[in-house]
J.: 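Below are the structure tokens for one structure; questions will follow.
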Amino acid sequence: MVPKIFCFLQFFTLFTVTFASTEEATALLKWKATFQNQNNSLLASWRLSVGACTDWYGVICFNGQINRLNITNAGVIGTLHDFPFSSLPFLEYVDLSMNQLSGINELGSLKNLNDLKLSSNQISGSIPMTLGDLTELKFLYLHSNQLSGPIPSELGNLKNLNDLELCDNQLTGSIPITLGDLTELKILWLYSNQLSGLIPRELGNLKNLTDMELFQNKLSGSIPISLGDLTELKILYLHSNQLSSLIPVEIGKMKSLEVLALQSNNLSGPIPITLGDLTELESLHLYSNQLSGPIPRELGNLKNLSDLELQENQLTGPIPASFGNLRKLQFCHLPDHLCQDGKLENFTVASNKLTGPIPRSLSKCSSFKWVRFNNNSFTGNLSEAFGIYPELLFIDLSDNDFHGELSSNWGKCKKLIDLRVARNNISGSIPLEIGNVKGLLGLDLSLNHLIGQIPKEFGKLTSLLNLSNNKFGQKIPKEIGRITQLNVLDLSYNLLVGDIPPQLANLKVLVNLNLSHNGLFGRIPQELESLTGLQDVTLSYNELEGPIPNNMAFINASLEGNKGLCGNVAGLQPCERPSSMVKKHSMTKGCKLTLITILPAMGALVLLCVFIGVLFMCNKRRRVREVERRDGDGWLSISMLDGKELYRDILNATEEFDAKFCIGRGGHGSVYKVNLPSLGNIAVKRLHSSFQNTHPKSFINEVRALTGIKHRNIVNLYGYCSKAQHSLLVYEYVERGSLASILSNEVESKILDWLKRVNIIKGVAYALSYMHQDCSPPIVHRDISSSNVLLGSEYEARVADFGLAKILNPDSSNCTTLAGTYGYVAPELAYTMKVTQMCDVYSFGVLSLEIVKGKHLGEYITVLANSLTIDSEHLSDLLDERLPYPEDRVKDILVFIIKLACSCLLETPKSRPTMHFISHKLSSMDARPPIHQRNPYVMRAI
């Protein structure tokens with residue numbers, strides 16, 4: 001009897017569990033049926049024919065009930081409105097993050113829930129108050145969505161909560177004081193919202209808190225002194241708000257603090273000396289406030305400090321000598337526990353009112369990497385103030401009152417990338433050793449009292465060079481022509497003499513050339529015509545003569561103040577042709593003889609020209625008829641166009657590709673603007689015959705890739721012909737031409753305002769994301785550059801020129817020859833030759849920075865690849881100076897874009913973000929002002 005009862009109970013339990021799990025599975029399938037992408041491969045296992053508890057992706061059961069659901073980053077496109085929360089009462093863990101889910105409903109029925117992670121979706125609306133009923137909840141992740149409205153005060157009921165992340169949304173209102181009841185909380189992330197009002201003093205009750213981040217909101221008032229009670233706190237981010245008043249001295253009690261960021265507020269008064277008690281502090285950011293008074297010497301106690309940024313305040317007095325305690329000693333003969341091991345790498349005090357000499361103790365801070373002393377009133381002998389810094393990358397000493405000479409020690413800073421000492425009182429000559437710093441990309445010594453000659457050793461350098469407003473004499477060294485990556489050469493306002501070296505024609509990426517206000521003489525080398533990338537040339541006030549180079553930059557150059565320049569340019573005399581050997585009075589005497597001899601010859605020549613012209617036209621028509629007589633084989637086209645007829649129309653409309661219709665030339669062919677009755681304006685790319693003959697597979701790959709691409713940010717292909725006399729690709733015509741040409745035009749570039757530029761960056765990101773994510777197989781462009789981005793009538797971005805595109809199989813090695821536009825190619829291609837989507841990501845990063853700056857950044861890109869810290873001062877260096885400084889809302893977006901672009905430049909490809917991630921982040925940004933502030937006429941344009 002007992003065994004029968006036992007078997008019955010087993011059967012009953014099994015039946016009940018099976019029925020329950022089947023009911024839960026059915027509820028999940030009903031939710032899946034609402035997805036927009038029904039063919040999601042990861043969720044293919046979700047079907048009733050297999051066990052939900054054993055074989056369903058992302059589903060884990062306990063005692064036959066669905067207990068955990070984890071489908072993070074599964075590519076789900078759907079809504080949470082239909083999620084069966086009430087049918088899954090035993091859920092303890094839910095992770096639906098990194099999908100494309102929208103909507104949200106009541107969640108109060110999940111009484112057993114410990115973890116709820118819905119981050120990185122498209123959830124909008126307000127946070128449900130019923131979340132306050134989930135009293136077992138320990139982790140609540142709603143960040144990176146589109147949530148709006150206030151934070152419910154009911155969240156204060158979640159007494160077991162360890163981690164609350166609501167950041168990166170559009171939440172408004174004040175921070176509820178009830179959050180101070182979450183005494184188990186360790187992480188509180190509310191940053192990147194629109195929260196306003198005061199920081200509640202009740203947050204000082206969160207004694208277990210280790211990480212509090214409230215930055216990028218609209219919080220106002222003072223910093224509560226109660227925050228000093230958070231003795232376990234390691235990270236405190238309050239920057240980019242509207243906080244005012246003093247920095248509380250009580251912050252000095254937060255002994256565990258490692259990062260303190262209070263920058264970009266309205267804080268005033270002195271820096272508290274109690275900050276010197278935060279001995280665990282590694283990063284201290286107080287810049288862009290209204291702080292005043294001296295820098296406390298107590299900050300020299302922060303032996304773990306690696307990042308100290310105090311710029312853009314009203315600080316006065318000298319730099320404390322105690323900062324020498326933050327140095328890292330290279331040699332120490334004492335026991336290890338007595339040796340100092342400072343870590344200070346980033347030290348910035350720029351744009352204050354600091355005075356006095358630089359402490360000699362700083363000359364031994366061998367850990368320095370990024371240092372800014374610029375825009376103060378520092379004094380002293382520069383040659384005695386600084387030592388040898390083996391790790392130094394960047395130092396700016398500009399706009400001070402330093403005197404003395406440049407030390408040869410700068411030449412021993414072997415990792416130095418950028419040295420700026422402009423606008424001081426430096427004298428003497430430039431040490432030859434500086435020319436031995438091979439990695440030096442930026443050098444600005446302008447507006448000093450330097451003399452002597454420009455060292456020939458500078459030919460070893462690689463990029464920017466500004467030596468203007470000094471007293472350099474003698475000739476321009478021809479060795480400068482070896483600086484093949486030079487972008488800017490400014491030698492103006494010196495005492496230079498002699499010719500302009502023709503070797504400057506080797507500077508193929510030169511953008512700005514300024515040699516004005518010197519004593520240069522002779523002719524401008526005609527070799528400089530080849531510098532097609534030049535945008536701005538200033539040669540005024542020299543003694544130059546002769547014709548100017550036939551180059552647009554020289555035609556538009558500043559040339560006044562020279563004695564004998566000529567050319568077909570306003571303000572210059574036309575150049576004289578070589579004089580005749582015959583004197584004027586002899587010409588009169590022989591006039592009749594000349595007429596008798598020449599007129600018959602001219603008549604014969606005219607008849608000959610007419611005859612040749614007739615033959616040419618007949619031959620031209622004959623060739624067109626020959627083309628028309630060809631059969632249909634080889635005439636390939638798409639979009640319902642007849643390939644043979646299309647080819648004939650193009651040939652006639654371009655007069656057999658006459659040069660006057662050509663609007664651009666590239667590495668694979670020339671582009672012509674053609675007007676056809678059937679299509680209107682189109683762009684025809686005529687491929688070089690050598691390309692078709694030697695790269696037939698590349699041509700076919702290009703065609704196949706383009707025929708499958710339809711996207712509003714990608715140039716459409718209308719048709720093609722691959723076997724005729726010419727190989728043609730027929731595209732839609734994009735009105736405004738290339739982004740490169742517009743950025744290089746002083747007038748048009750100013751029309752390209754910040755909003756348009758942000759939208760162009762977005763458009764390129766959307767195009768690449770489509771190619772990488774939505775094309776099957778995925779496509780890598782491989783040649784993203786400003787020349788290959790066209791702009792439509794409303795300045796919308798259209799990615800073009802897929803001449804180097806490859807269709808990738810996900811598992812293939814994709815090894816190929818190195819190709820692409822110089823300056824945009826990912827570094828790994830140079831040694832791996834492996835093409836991946838990350839190559840496009842790198843190029844996108846370079847392009848984004850170029851759009852923001854208005855020009856390519858050259859080798860300075862390598863500097864940014866190692867830095868994601870962009871403050872106001874860094875931002876100014878990266879913005880196009882031709883545009884007005886952006887308002888706060890747009891500035892924040894530009895900072896975000898620059899940081900995102902820098903992450904694209906990381907040396908390790910796997911560390912770069914995907915274009916899908918980038919486009920998702922950019923799509924959530926809106927650079928436009930709030931609706932109530934917008935001009936109605938501007939709204940129509942947007």
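Bear in mind the structure is a predicted one, so any value in this text is a computation, not a measurement.
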J.: Evaluate the ring planes of F347 and F373, with Trp represented by its six-membered ring, and classify them as parallel (under 30°), tilted (30 to 60°) or perpendicular (over 60°).
T.: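 Judged by the thresholds at 30° and 60°, the geometry between F347 and F373 is perpendicular.
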J.: Evaluate the ring planes of F402 and F386, with Trp represented by its six-membered ring, and classify them as parallel (under 30°), tilted (30 to 60°) or perpendicular (over 60°).
T.: perpendicular
J.: Given R372, which partner from the list D877, D399, D418 fulfils the salt bridge (Lys or Arg N to Asp or Glu O under 4.0 Å) test?
T.: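 Checked D877, D399, D418 against R372; only one passes salt bridge (Lys or Arg N to Asp or Glu O under 4.0 Å): D877.
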J.: Using a 4.5 Å cut-off on heavy atoms from C-beta on, say whether the side chain of L496 contacts that of N542.
T.: no
J.: Evaluate the side-chain proximity of F323 to C365: yes if any heavy-atom separation is below 4.5 Å, no if none is.
T.: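 The answer is no; the side chains never approach within 4.5 Å.
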J.: I want to check something: taking the side chain as every heavy atom from C-beta on, are F368 and E391 in contact at a cut-off of under 4.5 Å?
T.: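 No, every pair of side-chain atoms sits at 4.5 Å or beyond.
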J.: Would you please test K891 and L894 for side-chain contact (heavy atoms from CB on, under 4.5 Å) and show each step?
T.: CA-CA 5 Å; K891 182 179 74 172; L894 292 174; 5.6 Å; no
J.: Are side-chain heavy atoms of V890 and R757 found at a separation under 4.5 Å?
T.: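 Side chain of V890 against side chain of R757, heavy atoms only: no contact under 4.5 Å found.
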J.: Could you walk me through whether S468 and L447 pass side-chain contact (heavy atoms from CB on, under 4.5 Å), step by step?
T.: CA-CA 6 Å; S468 64; L447 285 161; 5.6 Å; no
J.: For Y389 and W410, take the angle between the two ring planes, folded into 0 to 90°, and tell me which bin it lands in: parallel under 30, tilted 30 to 60, perpendicular over 60.
T.: tilted
J.: Applying side chain to side chain donor-acceptor pair (under 3.5 Å) to Y493 and H517, what does each step give before you reach the verdict?
T.: CA-CA 5 Å; Y493 291 92; H517 295 271; 3.2 Å; yes
J.: At their closest point, which heavy atom of P431 faces which heavy atom of S407, and how far apart are they?
T.: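 Scanning both residues completely, I find the closest heavy atoms to be CG-O, 3.8 Å.
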J.: Are any of the side-chain heavy atoms of N375 and D396 separated by less than 4.5 Å?
T.: no
J.: Check whether N551 reaches the backbone of A553 with its side chain - one donor and one acceptor, N or O, closer than 3.5 Å.
T.: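 Yes, because the side chain of N551 sits within donor-acceptor range (under 3.5 Å) of the backbone of A553.
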J.: Do Q311 and S288 touch side chain to side chain, with heavy atoms closer than 4.5 Å?
T.: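 In short, these two side chains do not touch, never coming nearer than 4.5 Å.
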J.: Show me the donor-acceptor pairs, under 3.5 Å and distance only, between side chains in residues 527-534 and residues at least two apart or in other chains.
T.:
{"residue": "E529", "atom": "OE2", "partner": "N550", "partner atom": "N", "Å": "3.0"}
{"residue": "S530", "atom": "OG", "partner": "K508", "partner atom": "NZ", "Å": "3.4"}
{"residue": "S530", "atom": "OG", "partner": "E527", "partner atom": "O", "Å": "2.9"}

J.: Could you walk me through whether H856 and V509 pass side-chain contact (heavy atoms from CB on, under 4.5 Å), step by step?
T.: CA-CA 9 Å; H856 194 286; V509 296; over 6 Å; no
J.: What residues, two or more places apart in sequence or in another chain, satisfy side-chain contact (heavy atoms from CB on, under 4.5 Å) together with Q503?
T.: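 With neighbours one apart ignored, the set is K478, P501, N506.
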J.: Does D536 come within less than 4.0 Å of R882, counting only side-chain N to carboxylate O?
T.: no
J.: Charged N to carboxylate O under 4.0 angstrom, K412 versus E433?
T.: no
J.: Considering only residues two or more places apart or on different chains, which pairs with a residue in residues 467-565 satisfy disulfide (SG to SG under 2.5 Å)?
T.: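 Not a single pair qualifies under disulfide (SG to SG under 2.5 Å).
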